[in-house]
Every structure is written in C-alpha cells, then in structure tokens.
Asker: 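Here it is, the structure in full.
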Amino acid sequence: MPEPDDMTKNARKKKGIKLNREWLPEAIAVIFLVAIGLYFFLPSAARSSLLEGLNNLITLLPTLIKSAINPKNILAIIIIVAVSYFFVQRLRYHVFRLYGYDKTCPVCQHHTHKLHRKGYQRWLSYLIPIRRYHCSNCNWKGLRIYHKKTRNRG
C-alpha cells in the first residue's frame, strides 16, 4: 500500500495536469488577443504590408507543397530524421555511460539533494532524464542523471 505522502504527491501531480489542461484555452486566447492588439498598434502601412505578405504566402502555399512532394525530397527527409534520431540515441548512450546514475557529489562524495530545474533543463530532460542537485557539504550545484524507479509487477 502506498505511503500517505506518496498519495498526496500523486494527487498534486494529477491536479497540476488538470489545471494545465484547463488553462490551455485561456492561454491561447490571451496570446491571440495580444497578437491582435499588436497588429492594431502597428502603423497602417506596416499592417497592409503584413496582410499582403500573408496573402502571398497563402496563394503560394499549394505550389510550394506540390514542388516539395517528390520522391527525392521525401527520401531526404527520411534520411535526415533517421540520422537525427540515431545521433540523439548515441548521445544518450554516451551520457549515460559517462555520468551514470550516481547521486553523490562529484567534488566531496557527500549525499546531494534535489533542486527545482530551470526551464531549459526541463526541455533537456526530454532527451536525457536529468535532475538538478545541490550538495550541502561543499555547496556544489549541478545536473545528474536521474534513475527512474521501476515497480515490480509480479
């Protein structure tokens, strides 16, 4: 049976996910309204040139799509995606091999504590599961690879 503290953490995570989903339409509406406000803030000459550029883009879009869809370009896209995927996989492999899952301080080998990550670190953790740690012994702060705990299903 899970600990009561674990249950509150799971409840908080679910609440955060629900809150983000609830706020998404409002965030999109705010961004849209700010864009409209900025559009009306522009001088009339800039507005007309912006509309003209959008109109040209819309009329040229079918032509661009037709010219881009041919076997040579599709093969090039597949190769670029495959090479990028394998590069990321090899990068992950080398990072895991070099840095491991150790949670001790690399300076003094003391136990470290987790800190909140910064925005770019959250994005980076989609590629490599990293967490930010702090050593209270020597004040070292840095990133370490996080080992996700797996549950035994048996």
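Residue numbers start at 1 and run along the sequence shown. Because only heavy atoms are used, hydrogens play no part in the values below, and waters and symmetry mates are left out as well, while side chains stay in.
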Asker: Ignoring hydrogens and angles, write down the donor-acceptor pairs under 3.5 Å from the side chains of residues 70-87, residues two or more places apart or on other chains.
Answerer:
residue	atom	partner	partner atom	Å
Asn70	OD1	Lys72	N	3.2
Asn70	OD1	Asn73	N	2.9
Asn73	ND2	Ala68	O	3.0
Ser84	OG	Ile80	O	2.8

Asker: Any side-chain heavy atom of Ser136 sitting closer than 4.5 Å to one from His110?
Answerer: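 Ser136 vs His110: side chains touch.
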
Asker: Can you list the residues that meet the side-chain contact (heavy atoms from CB on, under 4.5 Å) rule with His111, with sequence neighbours excluded?
Answerer: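 side-chain contact (heavy atoms from CB on, under 4.5 Å) check on His111 returns His113.
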
Asker: When hydrophobic residues are tied together by side-chain contacts of less than 4.5 Å, even through go-betweens, does Ile69 share a cluster with Leu61?
Answerer: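 Linked within one cluster.
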
Asker: Which heavy-atom pair separates Asn56 from Thr59 by the least distance, and what is that distance?
Answerer: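 Of all heavy-atom pairs spanning Asn56 and Thr59, the closest is O-OG1, 2.9 Å.
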
Asker: Report the residues that fulfil ring pair (Phe, Tyr, Trp, His ring centres under 6.0 Å) with His134, sequence neighbours left out, ordered by chain and then residue number.
Answerer: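 Here no residue qualifies.
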
Asker: Do Tyr133 and Val107 share a hydrophobic cluster, counting only Ile, Leu, Val, Met, Phe, Trp and Tyr and linking them when any side-chain heavy atoms are less than 4.5 Å apart?
Answerer: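 Yes; tracing contacts between hydrophobic side chains, which count when under 4.5 Å, links both residues.
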
Asker: May I ask you to list the residues sharing a hydrophobic cluster with Leu57, side-chain cutoff 4.5 Å, ordered by chain and number?
Answerer: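 For Leu57, no cluster forms, as it stays isolated from other hydrophobic side chains.
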
Asker: List the atom pairs, with distances to 0.1 Å, where a side-chain N or O of residues 38-51 and a protein N or O form a donor-acceptor pair under 3.5 Å, not counting sequence neighbours.
Answerer:
residue	atom	partner	partner atom	Å
Arg47	NE	Leu42	O	3.2
Ser48	OG	Ser44	O	3.4
Ser48	OG	Ala45	O	2.9
Ser49	OG	Ala45	O	3.3
Ser49	OG	Ala46	O	2.9

Asker: Applying side-chain contact (heavy atoms from CB on, under 4.5 Å), can you list everything that pairs with Val88, at least two apart in sequence or on another chain?
Answerer: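 So Val88 forms a side-chain contact (heavy atoms from CB on, under 4.5 Å) with Arg92, Leu127.
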
Asker: If you measure from CD1 on Ile31 to CD1 on Ile36, what distance do you get to the nearest 0.5 Å?
Answerer: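 Here the rounded value is 12.5 Å.
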
Asker: List in chain and number order the residues that pass ring pair (Phe, Tyr, Trp, His ring centres under 6.0 Å) with His116, two or more places apart in sequence or in another chain; answer none if no residue qualifies.
Answerer: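 In terms of ring pair (Phe, Tyr, Trp, His ring centres under 6.0 Å), with neighbours along the sequence ignored, His116 is linked to no residue.
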
Asker: Determine, step by step, whether Arg132 and Lys114 satisfy the side-chain contact (heavy atoms from CB on, under 4.5 Å) criterion, reporting the C-alpha distance in whole Å, the side-chain angles of both residues, the deciding distance to 0.1 Å, and the verdict.
Answerer: CA-CA 6 Å; Arg132 192 166 169 233; Lys114 280 199 286 188; over 6 Å; no

Asker: Hydrophobic side-chain clustering at under 4.5 Å (ILVMFWY, transitive links): who's grouped with Leu33? Put none if nobody.
Answerer: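 Under the 4.5 Å side-chain rule, Leu33 groups with nothing.
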
Asker: Give the minimum heavy-atom separation between Cys105 and Thr112, together with the two atoms involved.
Answerer: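 Between these two residues, the closest heavy atoms are N-CG2, 3.5 Å.
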
